Structure formats: C-alpha cells, structure tokens
Protein chains: 2
Amino acid sequence: MTRAINDMPGISAATKQRVLDAARELQYRPSRFGRGLVSRGTPTLGLVVVDLTNGFWAELASAVLDEATERGWTVLIAETSHDARSAVATLLDHVDALFGLVDVPETELDELVGPTPIVLLDPKPDLRRRAWVRLDFESAMADAASHLVSKARRRIVMLDWSRSQPRSERATSFVHAVEGLGLDPLVLRHTATSEPSIDLGRLAAEEALVQWPDLDAFVCFNDPIAVGALKACQAVGRSVPADVSIIGVDGSAVGLVVTPELTTLSFDFRELARTAFSTLLASVEGSLADGGPAAHRPVRPQLVVRGSS
Amino acid sequence: MTRAINDMPGISAATKQRVLDAARELQYRPSRFGRGLVSRGTPTLGLVVVDLTNGFWAELASAVLDEATERGWTVLIAETSHDARSAVATLLDHVDALFGLVDVPETELDELVGPTPIVLLDPKPDLRRRAWVRLDFESAMADAASHLVSKARRRIVMLDWSRSQPRSERATSFVHAVEGLGLDPLVLRHTATSEPSIDLGRLAAEEALVQWPDLDAFVCFNDPIAVGALKACQAVGRSVPADVSIIGVDGSAVGLVVTPELTTLSFDFRELARTAFSTLLASVEGSLADGGPAAHRPVRPQLVVRGSS
DNA sequence: CTGAAAGCGCTTACAG
DNA sequence: CTGAAAGCGCTTACAG
C-alpha cells in the first residue's frame, strides 16, 4: 500500500495497479497527519499580516513566500485586520513558528502564543522580550529631512499613525532628524480605529493644511497615507512638488502609480524576509536568547527620490 | 498531561502546575500531527495565487481569508509566479483542498493534484473536467461597449494578455460585445513571459497607439494594464478621457489611486470567495460531479464608471 | 515480492 | 484525581 502510493521499489506492477485502482475506487486520500507524524513534514511558518490589500503587507508576504520556498518552508498567512487574537490562535494549530505583527498587550502575548517560537516585526518596547526584527528609520529619516531642506523646505509636517502608541517609531526618528537640522518638528498623529489608508491620509492632510497653512512638506507614516496627502493637495490646488513636497514610507508599488511618482523611504522586502528567517532560525536553535541584545536585527529603509519632492 | 496542557477538568491544581513547569523546562511543544491525527484539526484550504503584489490576487486572498475564517477553515497560500508546479506540490502536503489558478497542461493536472479536491479559477477549457469557478465577462463587456459608444467612441482597442491561450476569455467577450454594436473589434494580444503589469500595459498601449493612431478607447485585460495605458497616453499627450477612454478589469485599489480614477469591470471579491467555497464544499461532499454542467458557477463583474471614461 | 508488527505523538475512554 | 491502554493513519524495519 505505502509502496504503491508513493511508488517505491519492491512491489510488482500488477499488485501496484490493483492497489491504485482500489484507492481510486474508495476515493482514498492519505492523511497529512498520519504521514507527518512519522516523516516530520516540512516546517511551516505562520505569517501574521494586518491586511493583504495594503501594499506593504502584500510585498512582505510575497518576499516571505519566496524566501520560505527557497529554504524548504511552507507559509501559512493570517490577516489580523478583523480579529488578531483568533487569527493567531488558528494559525498556531498549524505552524512551527510565527513571524509578523501581533499587536496585543504584553501580558496577552505569552498566553496567546505559548511556547511557539515567534519573531515579531517592529514590536512595541514592552513586547521586545521575544525575538524581533527592528525597522530602523533613523538614517533614512535624516536623509529625508536633509533632502527636504535642500529643496528649501522649512515647515515639514509628519502625518503619523499608530493604534496604541503615543507616537510611532518613524515619527520619533522624524523628530530627531528635523530637530537635528534646527527646525520645528510638526507632527499630526492619527490614532484611528481605521487602517493607515489612502482615505485616512487624505483626511489627515486636509486637517494639517488647516492647522499649518504655511506647511511646505509632508512626511507620511506610509505610502498610502502619502498618496492620500497627494490627493488632498491636488484637491485644494497646492501643487506637488512645487508648493508642497511629499515623502512616504514603504516603497510599495502604489508610489509608482501616482503622478508625480512618490518619493519614499523604501524597504528591501527580500532583505526583510531574510532577516526574519535568520532571526527565527537562530531563535529556534536557541543560539539566540529571547530578548537579549542580539535577539533583534535592524532593517533600514533607503530614501528613494522621485517626482513628489 | 493532556489534562494539564489543554486545561481540562479532572486534575488537581498541584499536579497541573507540576506538569506545566516540567513542560516549560523541557521546551515541550505539542506536535500538530499527533494532535491532528486524533482530533482531525480544522480543515485547511490551499489558495494558489500568481502574485500577491498584483491587486487582483491580494484582494482575492484577503476575501478568501475572511470567508475561510468565518467557516472555520485555515488558509495556506502559495505563489506560482516562480514555479507553479513546486508551489502546488508543497501546498498539497498541508491542505485538504485547493482553490486558485493552476496553469499547467491538462495532462499534468491529475498527476500534480492527485485525488485532492480542487476548484479551479477560470481555467482553460481543457481543464474544466474539475470543479471550477467561471469568470463571466459577457454582460459586463456589453455594458462597457455600450458605455463607450454612448461617449462617441468608435475605435476601441482591447489590450489583451494571455500566457498560453490564443485569446483570453475577456477578449472573446469584448469581441462579442463590440461586434454586437456593429464596430470592428481591435485586439492587441501580448503573450508575454512577463506578468500583466503596469509596465507591460504601458508598452502595449504605446504599440497600439502606433498601430491604430486613430484609436479612441482602450479596454484592458486588467487594471494594471489599464494604468499602464493611462501612463502611455499621458506620456504622449493624449488626454484621458477627452481624447481616449480607458476601461480596466479587476476593481482593485490601484484604479482609485490614479488620476483620473479608472473605469473598470469590478469584481465582488467576497462573492467570488463565497462561490469558490460553496463549489468546493459541494465538490467535496460529492454532491457535485466534477466536470458536469453543474460543476461550475459564474461570477460576473460589474461596470463601474469613473473618471477615465 | 508480500505481509504484518512496531512506533511516530497525541486524545479518548477506561480502570484504579 | 491519577495512571496507563487503545487507537488515530501513516511509514519503517523486519519476517516470511
């Protein structure tokens, strides 16, 4: 039977055919559990994304899928936009390890994830006892600020977004960069119930244009917010980039679709996926103590200058 | 042990604690195979997409994830953009059923998929012995053609794409619709090795503008191609929609990002996911004979008129 | 080449 | 409450 199904040697053609026929007759399908129990199966990674229709997550998922395939891992994806807890809980029944953004209070994480190895993507400080990948915006934000100043921009507004933090990491880096150049950091923070989308960016930019009528640049939490800001500027007749410069964060495809194309702090998603995997493997092997100073690795975006600045 | 881990009744607090401590000590993680073997686990769907960075597939994946979660299924995603065969083969070790686009020759499908239930998304005719979901463009293309004619368009060019077919289904529907209105159907087909992307759309549109200088409308294989056509028109100074109308197919977010916004034949992705699931369940239960006339259900896009026409 | 036992790691059902 | 046997569906290793 095993010999027929998996066509192994040591079986006569006649017997094999007879078994195969019977299998078809009975609609026999081998159980992945029975098989996995003895042959261990290929390792499976659970990828936790917020929303695949957001370019950042789609690019990340695509890169993780590629990287995982090369390493012989399979990937299971869960979206947390509806219910993070149940999405993660379901994943856990199927995977050997997790990677992604799990935005739950610190006390819940242990209970939710249990002993499964996990690599968190850019977590809040209180979750950093686990292995994690840091998105480090310091140098890219400094580049962005210098670039804007070289274009004679002085009133630069950050359109920030965050669900539970007072300020995102990228906004903190923005403040450092702008203050380092002797300018006032202007930050508009949206802690919305909604995702950081184009629509939200448009609303935020409209608000900012009222609050600081003399603003001459937007630096945005991500590319969708930046696209929204672009739309808002175009709607009120503020020319981009002549009158207002706009810079996003992501480097996803949406920035290439708009006119003018979007200047952005662009991630190398493949590098991000590679970093996540090597962190994960080190963490699984135990060569990396959770939470220790070596338990995370930074990934840095690069300033890509296009038409919007 | 089982009682402690899954905190079931019939165990004293002291013993439970002792077991839990030991488990932590030994880094014990229950095997999903052992567990699944006895408790069957939740059913798992393998979703086969081409490329998550394409809005169509991202929207579809998101909708399938939602639908699956509601039905208590888990979803595993594989991307076929690099290697369809190995992507599907890997998936098969992990799932109970498949849904998606598997673009292999008819003779290979049985060998590749074996007895696993599969619902194909809009397959070529020779693959339709399996259960499948039909994307039916007839009525939407008729609406699109009428709409264009009402805008006094007469020289309408379809920018088609297909990897292995002489003509896509949507191009066939386009030809029916345009001929039905007494016009010449102009079709430019790109059977590229590359995906139907913005860049490809731009190239195709440039080519079409040379071949038919008097064209006054584009109907495109998908929204990325349409966005590329829009960019091509803007690059050569053909005004959209005054001079050239553009209509895409998808209804994904990219069409809302461009200026003018894209008229498109828009899918209800949630409906598509629902249809796939009900087809799948019927197919699994055997209430639906593979290939029979009832083995597929049509999903129809709707014409959504926006600025580009 | 063919057959059947042992064992993978769990949960369920039963005995103590 | 605690312990240990039976069995889930496979593959591997061994006997015939």
Side-chain angles (χ1 to χ4, degrees), chain A residues 1-46 72-74 76 88-98 111-117 284 286, chain B residues 1-46 72-74 76 89-98 111-117 284-286:
Chain A
M1 157 73 168
T2 294
R3 293 183 270 249
I5 297 286
N6 305 336
D7 57 19
M8 307 169 88
I11 184 172
S12 71
T15 321
K16 182 166 169 180
Q17 196 47 246
R18 210 155 45 83
V19 174
L20 255 30
D21 286 347
R24 172 140 7 88
E25 186 68 30
L26 300 169
Q27 298 231 33
Y28 170 77
R29 296 199 49 216
S31 149
R32 66 175 186 276
F33 298 113
R35 180 171 286 168
L37 199 53
V38 49
S39 53
R40 315 270 64 196
T42 60
T44 303
L45 175 69
W73 284 59
T74 306
L76 242 161
V88 173
T90 311
L91 258 194
L92 279 168
D93 285 345
H94 297 259
V95 304
D96 302 302
L98 288 176
E111 186 189 350
L112 183 60
V113 174
T116 304
V284 169
Chain B
M1 157 72 167
T2 294
R3 292 183 270 248
I5 297 287
N6 305 336
D7 57 21
M8 307 170 87
I11 185 173
S12 72
T15 319
K16 181 166 168 180
Q17 196 48 245
R18 211 153 45 83
V19 174
L20 255 29
D21 287 348
R24 171 142 6 87
E25 188 67 29
L26 299 170
Q27 297 233 32
Y28 169 78
R29 296 200 48 216
S31 149
R32 66 175 186 273
F33 298 112
R35 180 171 287 168
L37 199 52
V38 48
S39 51
R40 314 273 58 201
T42 59
T44 303
L45 175 70
W73 284 59
T74 307
L76 241 161
T90 311
L91 258 194
L92 279 168
D93 285 345
H94 297 259
V95 304
D96 302 301
L98 287 176
E111 187 189 349
L112 183 61
V113 174
T116 304
V284 170
E285 288 166 7

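All of these numbers come straight from a predicted model, not from anything done at the bench. Lettering follows sequence order; numbering is per chain, from 1.
Taking only side-chain nitrogens and oxygens, A:Ser39 never comes nearer than 4.0 Å to OP1 or OP2 of D:dC10. In this model, the phosphate group of D:dT2 is approached by a side-chain N or O of B:Thr15 to a distance below 4.0 Å at OP1 or OP2. Phosphate proximity of D:dT11 to A:Arg35: present, with a side-chain N or O under 4.0 Å from OP1 or OP2.
You'll find that the side chain of B:Ile11 is closest to D:dT2, out of D:dG7, D:dT2, D:dT12. Side-chain proximity of B:Leu37 to D:dT2, C:dC10, D:dG9: nearest is D:dG9. Minimum atom distance to the side chain of B:Ser31 is reached by C:dC10, of the listed D:dC10, D:dT12, C:dC10. The side chain of B:Ser12 approaches D:dC1 more closely than any other nucleotide in the set C:dC1, D:dC1, D:dC8. Closest to the side chain of B:Arg3, from the set C:dT11, D:dC10, D:dG3, is D:dG3.
Here the shortest heavy-atom pairing between B:Leu92 and B:Val113 reads CD1-CA, 3.9 Å. The two residues A:Arg32 and B:Val95 make their nearest non-hydrogen contact at NH1-C, 4.0 Å.
Pairing partner, C:dC14: D:dG3, with both Watson-Crick or wobble hydrogen-bond distances short of 3.5 Å.
Summarising the geometry, the separation between CE on B:Met8 and C1' on C:dT11 is reported as 8 Å, rounded to the nearest angstrom. Atom pair B:Arg18:CZ and D:dC1:C1' shows a separation of 12 Å (rounding to whole Å applied).
Under 3.5 Å, the side chain of B:Arg29 and the base of C:dG9 form no donor-acceptor pair of N or O atoms.
A distance of 8.5 Å separates CG of B:Asp21 from CD of B:Glu25, quoted to the nearest 0.5 Å.
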